[in-house]
Number of protein chains: 2
Amino acid sequence: MSLLAVGSVALDSVETPFGRREDVLGGSATYFSTCASFFGPVRLVAVVGEDFPEAHLDFLRGRGVDLAGLARAPGRTFRWKGRYEFDLNQAHTLETQLNVFADFRPELPEAWRDSRHVFLGNIDPDLQRRVLDQVRGPRFVACDTMNYWIETKRASLLETLRRVDMLFVNDAEARELAGEANVVKAARAILGFGPRAVVVKRGEYGALFFSGGEVFAASAYPLAAVFDPTGAGDSFAGGFMGYLARSGGDDHAGMRRAIVLGGVLASFVVEQFSLDRLRTLTHDEIRARYGEFRQLTRFDDLELDILNGPRS
Amino acid sequence: MSLLAVGSVALDSVETPFGRREDVLGGSATYFSTCASFFGPVRLVAVVGEDFPEAHLDFLRGRGVDLAGLARAPGRTFRWKGRYEFDLNQAHTLETQLNVFADFRPELPEAWRDSRHVFLGNIDPDLQRRVLDQVRGPRFVACDTMNYWIETKRASLLETLRRVDMLFVNDAEARELAGEANVVKAARAILGFGPRAVVVKRGEYGALFFSGGEVFAASAYPLAAVFDPTGAGDSFAGGFMGYLARSGGDDHAGMRRAIVLGGVLASFVVEQFSLDRLRTLTHDEIRARYGEFRQLTRFDDLELDILNGPRS
């Protein structure tokens with residue numbers, strides 16, 4: 001597999017009802033590539049500052065993340081500071097320091113231009129296309145975005161959307177992008193913008209997948225203890241794309257498995273702060289939780305006669 | 001089957017982004033018993049005023065709802081007036097006129113004391129127990145409640161909960177009742193109050209079922225057009241209890257089918273104002289949508305070797 005990811009690598013300071021952490025490993029591309037690495041090697045395009053701890057790079061390398069596309073620039077690493085109240089679905093951003101990320105111009109090593117699967121993390125849509133321009137005929141391109149780009153760079157975002165196979169958005173973003181309150185109608189409108197598939201992420205409620213006439217509703221795993229929801233969406237995308245790149249297929253049945261695996265990875269990530277849970281996560285645990293998702297959502301066909309009889 | 005339901009029969013005035021209706025048929029017991037009637041006869045205990053249109057009674061009788069327990073009292077029928085904004089998950093109550101419902105004292109016809117399945121709609125928990133006191137050894141009792149009773153009659157509600165098999169609540173109610181922000185922990189706390197099963201309704205996101213160590217996550221059907229969400233929760237309960245009473249079983253596999261059928265009935269009800277969609281709904285449509293729920297949520301086992309190989 002040759003899976004390329006571009007996005008942020010950051011140092012996060014996070015406060016939840018269960019504790020706080022300062023300057024821990026974070027960033028959309030970090031969560032994405034670490035989760036995807038459970039399926040095979042990942043090529044990471046990002047930038048960090050001079051202050052970025054070598055230990056974090058060692059961790060990523062140890063997970064099979066190729067850092068040949070990771071630039072180290074003069075200055076400080078991108079920093080995000082956020083707080084979650086008891087409603088863990090909602091992140092409150094306290095501070096964003098772009099630092100070296102402000103001048104990020106993604107450059108792919110020559111050898112990576114053959115990447116077959118590409119994930120364009122939540123960055124300026126101009127830069128997303130800049131990455132695409134450097135890849136020769138990728139097989140499957142997915143992208144993420146956020147309300148900021150929808151509001152400030154809509155035309156550019158729409159141009160990116162015409163060139164991707166799949167968009168990951170949350171429900172508020174889907175509604176805003178499509179200008180449509182109903183999430184089903186919003187997803188269909190987005191399919192009209194270019195992508196052949198849309199995943200609408202709904203936090204603790206799961207995700208909806210739309211492609212052509214196909215709809216798949218994936219439940220999230222009901223967790224008794226969520227410690228830190230940071231990175232859940234990127235972990236979802238990482239599990240999804242990691243599986244897709246590894247399996248090589250992109251039929252609907254495979255997409256469904258990929259979505260469930262996205263939910264599996266996200267369900268682990270939120271169990272601890274930062275990427276800590278991924279440091280100990282095993283393939284057996286992933287496989288077991290996939291089975292629990294099956295058990296969680298499975299139900300039988302209806303008995304043939306149950307609606308007949310006296311009142312049929 | 002002998003399924004008894006107690007609750008409100010009302011005249012609703014509803015405004016949604018898609019239109020408005022004045023003094024249309026409504027009430028928790030109305031939605032419940034009409035939905036349950038697709039599985040067999042229902043015994044309805046409620047009260048209406050002198051102004052309640054005979055045509056509505058004819059409709060209920062026509063659906064196999066036995067009205068021997070429906071009192072007609074001097075005065076006006078219970079009225080509810082509400083509005084939904086674009087977020088159709090949230091009802092804004094504009095006015096509640098209890099009218100004859102203020103003095104409602106449910107009385108069961110003698111012949112109904114043998115009822116095997118009982119649904120205690122969202123009424124004063126004192127009255128819920130008053131109904132239970134009149135039933136001899138029911139097989140399965142479910143109840144609904146709301147924040148008002150949780151806040152004003154907690155002790156009485158807890159007394160009712162000790163006598164029921166299942167509680168239907170939405171997620172906010174579950175959190176409030178249990179005093180616990182996490183919905184999984186809240187559901188487990190409620191199981192400690194007495195019921196052996198809890199269904200947490202989550203509107204357009206579906207429902208979670210908890211019983212012992214069992215958890216079932218049911219997705220809602222993603223609808224492109226929701227016209228009026230009024231009665232969705234009671235319709236869910238009606239589909240659930242109707243199926244349970246009809247099938248006679250209460251194993252977990254049966255409970256799962258019942259929950260999906262609850263979702264099926266709710267998904268139809270919201271497609272039109274009031275109970276209008278139920279006037280034309282057929283068994284074939286119910287069966288077909290159940291199949292669509294299966295298709296919507298189904299995914300395969302993971303390939304055995306997908307997590308092995310280079311990085312396993």
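Everything quoted here is computed from the prediction, not taken from an experiment. Lettering of chains follows the sequences in order, A, B, ..., and the numbering in each one begins at 1.
No part of A:E180 comes within reach of chain B, as not one of its non-hydrogen atoms sits under 4.5 angstrom from that chain. Using a 4.5 Å cut-off between heavy atoms, A:F293 touches chain B through backbone and side chain atoms alike. For a residue to count as touching a neighbouring chain, one of its non-hydrogen atoms must lie under 4.5 Å from one of that chain's; by this rule A:E292 does not touch chain B. Interface residue A:V260: only side-chain heavy atoms are found under 4.5 Å from chain B. For chain B, the nearby part of A:A181 is the side chain; its heavy atoms alone come within less than 4.5 Å. If you measure heavy-atom distances from A:I259 to chain B, you find no contacts under 4.5 Å at all. Proximity to chain A is limited to the side chain of B:L208, based on heavy atoms less than 4.5 angstrom apart. Contacts between A:R188 and chain B at a heavy-atom distance below 4.5 Å involve the side chain alone, from C-beta outward.
To the nearest 0.5 Å, atom CZ of residue A:R294 and atom CG of residue B:D301 are 4.0 Å apart. To the nearest 0.5 angstrom, A:L307 atom CG is 9.0 Å from B:D284 atom CG. Rounding to the nearest 0.5 angstrom, the gap separating the CZ atom in B:F216 from the CG atom in A:L296 is 8.0 Å. Going from atom CZ of A:R202 over to atom CZ of B:R202 covers 10.5 Å, rounded to the nearest 0.5 Å.
Comment: A:R257 engages B:D300 in a salt bridge, judged by a side-chain N to carboxylate O separation of less than 4.0 angstrom.
Scanning all heavy atoms of the two residues, the minimum distance from B:L261 to A:L302 falls at CD1-CD1, 3.6 Å. What you find for B:R256 and A:R298 is that their closest heavy atoms are NH1-O, 2.7 Å. Between B:E303 and A:S247, the closest heavy-atom pair is OE2-CB, 4.4 Å.
Counting non-hydrogen atoms of other residues, nucleotides and ligands closer than 6.0 Å to CZ of B:R279 gives a total above 12.
Looking at A:V183, A:V215, A:N182 one by one, the single match for side chain to side chain contact (heavy atoms under 4.5 Å, CB included) with B:P222 turns out to be A:V215.
Chain B forms the most heavy-atom pairs under 4.5 Å with one residue out of A:H252, A:E214, A:E204, A:R175, and that residue is A:E204. Taking B:A217, B:S219, B:G206, B:A187 one by one and counting their heavy-atom pairs under 4.5 Å with chain A, the maximum is reached by B:A217.
The aromatic rings of B:F299 and A:Y290 sit perpendicular to each other, their planes meeting at more than 60°, with 30° as the lower class boundary.
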